[in-house]
There are 2 protein chains.
Amino acid sequence: MNIGEVSKRSGLPAKTIRYYEDIGLIRPHRSENGYRAFGENDLHKLAFLGRARALGFSIEDCRNLLTLYEDHTRASADVKDIARHHLDRIDQKLTELQEMRATLAGLVSACAGDNRPDCPILADLAAESCH
Amino acid sequence: MNIGEVSKRSGLPAKTIRYYEDIGLIRPHRSENGYRAFGENDLHKLAFLGRARALGFSIEDCRNLLTLYEDHTRASADVKDIARHHLDRIDQKLTELQEMRATLAGLVSACAGDNRPDCPILADLAAESCH
DNA sequence: GCTTGACCTTCTAGCTAGTGGAACCTCTAT
DNA sequence: ATAGAGGTTCCACTAGCTAGAAGGTCAAGC
């Protein structure tokens with residue numbers, strides 16, 4: 001398989017696939033003409049990576065998950081650890097975003113949004129809090 | 001004021017303040033010895049930037065907000081536009097993260113997390129979906 | 001046989017919003 | 001005079017790609 005077909009079947013852009021090779025996530029063979037020659041195994045890995053990335057796992061998490069995936073003597077506890085840590089990060093991010101959202105939504109609804117210069121949003125941002 | 005004091009009073013790291021000058025968000029004067037010489041106005045702008053960034057506004061949004069802030073003939077509608085777009089992006093991100101969270105939480109709770117290799121998390125990531 | 005177009009290759013540079021570190025200068029106190 | 005705490009510039013690095021340039025390869029059509 002050439003990169004184009006793998007791209008289509010995995011849903012990942014060719015650029016991304018080359019990048020993943022670059023950083024050592026996959027190691028496709030090469031044809032005589034220099035083209036990357038992917039096997040079904042590579043395709044599986046890429047699909048795996050695509051799904052892991054879609055769940056927000058970092059590349060380093062993905063690398064570890066892939067290693068565990070290929071290690072049939074793994075302990076599921078190791079996988080769960082990675083996932084739980086990631087879940088924690090997501091929860092943290094969610095809390096952060098929800099706080100931003102609340103503040104911002106309050107400001108937006110307080111702003112007239114007309115031709116006049118008075119603006120509670122700017123007023124809040126400019127609030128005297130530096131001494 | 002030297003950068004150290006501005007840093008303390010604005011809450012921004014000195015590095016960040018230098019960076020903000022680099023990208024043209026502020027233009028502090030220079031003393032004869034080459035040190036940056038900040039006025040109260042610079043301090044206000046930095047505090048403004050700090051709060052805008054804390055609300056998640058991008059640097060480009062911040063640049064525009066700062067311009068509006070200094071333009072006393074602004075229309076609050078312009079400010080509100082920026083804020084609303086940002087709110088939309090936050091909501092989008094929240095939805096995304098909540099979906100990730102739901103999937104991930106389901107997988108985590110389904111995983112035994114013991115010494116055995118069987119793992120629903122890996123099973124899900126490896127699911128056959130590429131053709 | 002030649003050309004066209006689609007595909008592939010490598011390489012460099014850019015994106016966001018800074019952060020870390022090196023090498024060096026300046027000020028203040030002792 | 002010197003130590004230490006500040007300040008300066010510049011370069012490299014982070015994450016995870018993406019864009020684009022310059023060029024090689026392949027299959028089809030004339």
Side-chain angles (χ1 to χ4, degrees), chain A residues 1-38 42 45-46 48-66 82 85-86 89-90 92-93 96-97 100, chain B residues 1-38 42 45-46 48-66 82 85-86 89-90 92-93 96-97 100:
Chain A
M1 258 180 294
N2 282 348
I3 202 168
E5 194 184 341
V6 177
S7 169
K8 224 176 290 172
R9 287 175 62 183
S10 68
L12 296 173
K15 288 258 181 192
T16 299
I17 297 173
R18 290 195 194 99
Y19 172 68
Y20 286 173
E21 183 188 13
D22 236 47
I23 62 174
L25 288 178
I26 51 167
R27 288 180 210 285
H29 294 118
R30 294 290 176 138
S31 305
E32 303 218 331
N33 59 11
Y35 287 15
R36 287 168 185 80
F38 298 85
D42 295 311
K45 282 200 198 176
L46 287 169
F48 182 100
L49 288 169
R51 271 185 295 268
R53 293 286 302 131
L55 283 180
F57 284 105
S58 72
I59 290 286
E60 276 322 293
D61 280 349
C62 288
R63 196 187 298 278
N64 293 325
L65 288 170
L66 209 47
I82 295 176
H85 279 128
H86 180 43
R89 280 193 300 272
I90 287 180
Q92 221 177 316
K93 191 77 191 165
E96 212 178 291
L97 279 178
M100 281 183 192
Chain B
M1 257 178 295
N2 282 348
I3 201 166
E5 195 184 340
V6 177
S7 169
K8 224 175 288 170
R9 288 175 63 184
S10 69
L12 296 173
K15 284 263 183 191
T16 300
I17 297 173
R18 290 194 194 98
Y19 172 67
Y20 286 174
E21 183 188 13
D22 237 46
I23 61 174
L25 288 178
I26 51 166
R27 287 179 210 285
H29 293 119
R30 294 291 176 137
S31 304
E32 303 217 333
N33 58 12
Y35 286 16
R36 287 170 184 80
F38 297 85
D42 296 312
K45 282 200 199 179
L46 287 168
F48 181 101
L49 288 168
R51 272 187 295 270
R53 293 286 302 131
L55 283 180
F57 284 104
S58 72
I59 291 286
E60 276 320 294
D61 280 349
C62 287
R63 195 187 298 278
N64 293 324
L65 288 170
L66 209 47
I82 295 176
H85 279 127
H86 181 42
R89 279 192 300 271
I90 287 181
Q92 221 178 315
K93 191 78 191 164
E96 212 178 291
L97 279 178
M100 281 183 191

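Chain naming here is simple, since letters A, B, ... match the order of the sequence lines and numbering starts at 1 in each.
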Categorize B:R53 for me: base, sugar-phosphate, or nothing, with a 4.0 angstrom heavy-atom threshold over every strand shown.
sugar-phosphate
Whole angstroms only, please: what is the OH-P distance between B:Y19 and D:dC11?
17 Å
Counting only N and O atoms by type, is there a donor-acceptor contact under 3.5 Å from the side chain of B:N33 to the main-chain atoms of B:Y35?
yes
Rounded to whole Å, the CD-P distance (B:E21 to D:dC10) equals 12 Å
Look at B:N33 and D:dG7 and indicate whether a side-chain polar atom (N or O) is within less than 4.0 Å of OP1 or OP2.
no
Of the listed D:dG7, D:dA19, D:dT9, the closest approach to the B:I3 side chain comes from D:dG7
Taking for each residue the nucleotide of DNA chain C bearing the nearest heavy atom, is the 5' side occupied by B:K15 or by A:F38?
A:F38
Close side-chain approach of A:I59 and A:L25, heavy atoms under 4.5 Å
yes
Work out which heavy atom in B:A54 is nearest to a heavy atom in A:M100; give both atom names and the distance.
O-CE, 3.4 Å
Boundaries of the DNA chain C segment in contact with chain A, non-hydrogen, under 4.0 Å
C:dC7 to C:dT10
Distance in angstrom units between B:M1 CE and D:dG6 P, rounded:
17 Å
Grab the OH-P distance between B:Y35 and D:dG6 for me, whole Å please.
11 Å
Rounded distance in Å - CD1 (A:I59) to P (D:dT18):
11 Å
Between the main-chain N or O of A:V6 and the side-chain N or O of A:S10, is there a donor-acceptor pair closer than 3.5 Å?
yes
Nearest heavy-atom neighbours spanning A:L49 and A:Y20
CD1-CD1, 3.8 Å
Looking for any heavy atom pair under 4.0 Å, which part of the strands does A:Y20 touch: base, sugar-phosphate only, or nothing?
sugar-phosphate
It should be established whether B:R36 places a side-chain nitrogen or oxygen under 4.0 Å from OP1 or OP2 of nucleotide D:dT9.
yes
Polar side-chain atom of B:H86 near backbone of B:D61 as donor-acceptor pair, under 3.5 Å:
no
Heavy-atom closest pair, residues A:L12 and A:L46:
CD1-O, 3.5 Å
